[in-house]
Amino acid sequence: MDHRDFNRRRAILKQGLSGTCAIASASLSPLVFAQASWPSKQTVKIVCNFPPGGLTDSYARAYAEFFSKKFGQSFVVENRPGAGGLIGADAVAKAPADGYTFLITTSTPMWHAKVLYTKMPYQGERDFTPISLFPSGALIMGVPSSLGVKDVREFVEMSRNKPAAYGTYGAGSWPHMVINDLNERASAKLTPVHYRGETPMWVDASTGQVQAAMGSFLGINNYLGKGSIRAIAAIGNLRCPKLPQLPTFIEQGFSAPVYGLEGWIPFVAPAATPQDIVVKMAEAIQEASETPRMAAIRDAFAIPNKPTALEESRKRWKEESAVWIDIAGKLGIKLD
């Protein structure tokens, strides 16, 4: 074989190998893309920055189970409480924005914290993108039945003559904001007593250690059944479906913004998370919200509405966060 024949055969062989590689590459490309699709590389983590057992944690675990089945990938809940939710939120803010870390939280670490803490390790409006806002249901104001008052105006009038202690489930919380407004606008004389959660708060309210308290329907319901606490108002624009005869603050003439806001449990991702992943998660949340399990959770907590869709979430996030921040700022406190 001369030199020219050898070169010609080598060129033919090289061309054949190139064609084979191209065919192999074309046949493998769907698999490559499938492996790169989300979620596929690892477990997806949903951080809940509050302890197990409450509404936020209940939502997190129920939706994680749904996502695992829908996407064929493990979604797990990691509880990271502490510093009023700031520790868990900060961890998610600094996590890779690759669709493998999400946060379910309350409005305080997202919005109120901006004015409640001197030093913030993150900024809610900058470091997170909202996917959905889960409703938390109406808060119920209750008083010891022995107190004898039947509505908010009677309670406020009583406090003017005899200053009253009002229990909340935490400094800077929604009930704390209500107390502040009643003191400023209605000339009530209320002293906030902050508890670590609802359970000890309702125990003290039922025995008259505090003269009022405000929390979830689930927290107050047992005491309503025993008759030791009387419910006198619900916060929000909608009546509590479990207590349809109970008028709201607004129906009783209290019209300041703090009484008509919706309580939210935001479901968010790090700000730079790809839009297609955000959309997939938002759609999955809407799908999950129609299931019997999610309906049962809403029923247990007396929540009449469902999580918001993506565009509504963004709209409410932009409009309502400013209102919450303004109301929290009027407390004039710092929690750090």
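What's counted below: heavy atoms across the whole structure, side chains too, no hydrogens, waters or symmetry copies. These figures come from a predicted structure and were not determined experimentally.
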Under the salt bridge (Lys or Arg N to Asp or Glu O under 4.0 Å) definition, can you give me all pairs with a residue in residues 69-80, not counting sequence neighbours? K45-E78, E65-K69, K70-E287, E78-R80
If I compare all heavy atoms of Y169 with all of G215, which pair ends up nearest, and what's the gap? CE2-CA, 4.2 Å
Distance col, row K189:NZ vs N161:CG, nearest 0.5 angstrom, shows 8.0 Å
Which residues satisfy the side-chain hydrogen bond (donor to acceptor under 3.5 Å, both in side chains) test with K315, sequence neighbours excluded? E319
When hydrophobic residues are tied together by side-chain contacts of less than 4.5 Å, even through go-betweens, does L335 share a cluster with L86? yes
Looking only at non-hydrogen atoms, find the nearest pair between A233 and V152 and report the distance. CB-CG2, 3.4 Å
Pairwise side-chain contact, L147 with F155, heavy-atom cut-off 4.5 Å (strictly under): yes
Is there a path from L139 to L238 through hydrophobic residues (I, L, V, M, F, W, Y) whose side chains come within less than 4.5 Å of each other? no
Hey, what do you get for CE (M141) to CE (M214), rounding to the nearest 0.5 Å? 6.0 Å
Decide, yes or no, whether a salt bridge links K114 with E125 under the criterion of side-chain N to carboxylate O below 4.0 Å. yes
Using the ring of each side chain (for Trp, its six-membered ring), is W38 parallel, tilted or perpendicular to Y100, with breaks at 30° and 60°? perpendicular
Are the side chains of W324 and M110 in contact, using a 4.5 Å heavy-atom criterion? no
Taking side chain to side chain contact (heavy atoms under 4.5 Å, CB included) as the test, write out the residues that go with S228, two or more places apart. S206, Y223, K226
Take D181 and F254, measure what side-chain contact (heavy atoms from CB on, under 4.5 Å) needs, and give me the verdict at the end. CA-CA 10 Å; D181 190 83; F254 296 86; 5.7 Å; no
Heavy-atom pair with the smallest gap, counting every atom of V76 and S74: CG1-OG, 3.6 Å
Strictly by salt bridge (Lys or Arg N to Asp or Glu O under 4.0 Å), give each pair with a member in residues 322-333 just once, sequence neighbours left out. D326-K330
Starting at OG of S132, measure out to CG of L310 and round the result to the nearest 0.5 Å. 8.5 Å
Within-4.5 Å side-chain heavy-atom neighbours: S216 and L55: no
May I ask you to decide if G263's main-chain N or O and S136's side chain share a donor-acceptor pair within less than 3.5 Å? yes
Option from D57, N79, T105, I265 for which side chain to side chain contact (heavy atoms under 4.5 Å, CB included) with F50 holds: T105
Quick one: list whatever passes side-chain hydrogen bond (donor to acceptor under 3.5 Å, both in side chains) with D151, sequence neighbours left out. none
Is the shortest heavy-atom distance from the side chain of N237 to the side chain of I250 under 4.5 Å? yes
Given the side-chain rings of Y59 and F267, with only the six-membered ring counted for Trp, is the space between their centroids under 6.0 Å? no
Kindly indicate whether the side chain of Q252, heavy atoms from C-beta on, has any atom under 4.5 Å from the side chain of R153. no
Hey, what do you get for CG (L243) to CZ (R239), rounding to the nearest 0.5 Å? 10.5 Å
Would you name the heavy atoms of F128 and A93 that are closest together and state the gap between them? CZ-CB, 3.6 Å
Look only at the side chain of D204 and the backbone of Q209, and say whether a donor-acceptor pair between them is shorter than 3.5 Å. no
Let me confirm one number: the CG-CG distance from D90 to D127, rounded to the nearest 0.5 Å. 8.5 Å
Hey, any chance V178 and L331 share a hydrophobic cluster, counting ILVMFWY side chains that come within less than 4.5 Å of each other, even indirectly? yes
So, the side chain of W174 versus the backbone of V258: is there a donor-acceptor pair under 3.5 Å, distance only? yes
Please step through ring pair (Phe, Tyr, Trp, His ring centres under 6.0 Å) for the pair F75 and F102, ending with a clear verdict. CA-CA 10 Å; F75 282 70; F102 297 92; 7.0 Å; no
Can you check whether A186's main-chain N or O pairs, donor with acceptor, with R160's side chain at less than 3.5 Å? yes
How many angstroms lie between OH in Y259 and CZ in R185, if you round to the nearest 0.5 Å? 7.5 Å
Look only at the side chain of S145 and the backbone of G227, and say whether a donor-acceptor pair between them is shorter than 3.5 Å. yes
Compare every heavy atom of G137 with every heavy atom of E262, then report the nearest pair and how far apart it is. OE2-N, 4.4 Å
Check this for me: does any side-chain nitrogen of one of E283 and K280 sit under 4.0 Å from a carboxylate oxygen of the other? no
With heavy-atom distances below 4.5 Å as the criterion, would you say the side chains of P130 and P266 are in contact? no
Check whether K334 reaches the backbone of V115 with its side chain - one donor and one acceptor, N or O, closer than 3.5 Å. yes
Please determine whether residues L133 and M294 belong to a single hydrophobic cluster, defined as Ile, Leu, Val, Met, Phe, Trp and Tyr linked transitively by side-chain heavy-atom distances below 4.5 Å. no
Q286 side chain to T308 backbone, donor-acceptor under 3.5 Å: yes
Treat each ILVMFWY residue as a node, draw an edge where side-chain heavy atoms are under 4.5 Å apart, and state whether W264 and F134 are in one component. no
Taking all heavy atoms of V143 and all of A212, pick out the closest pair and write down the distance. CG1-CB, 4.0 Å
Going by the salt bridge (Lys or Arg N to Asp or Glu O under 4.0 Å) test, which pairs reach into residues 191-203, not counting sequence neighbours? none
Side-chain heavy atoms of F67 within contact of I46, under 4.5 Å: yes
Any L261 side-chain heavy atom under 4.5 Å of I327 side chain: yes
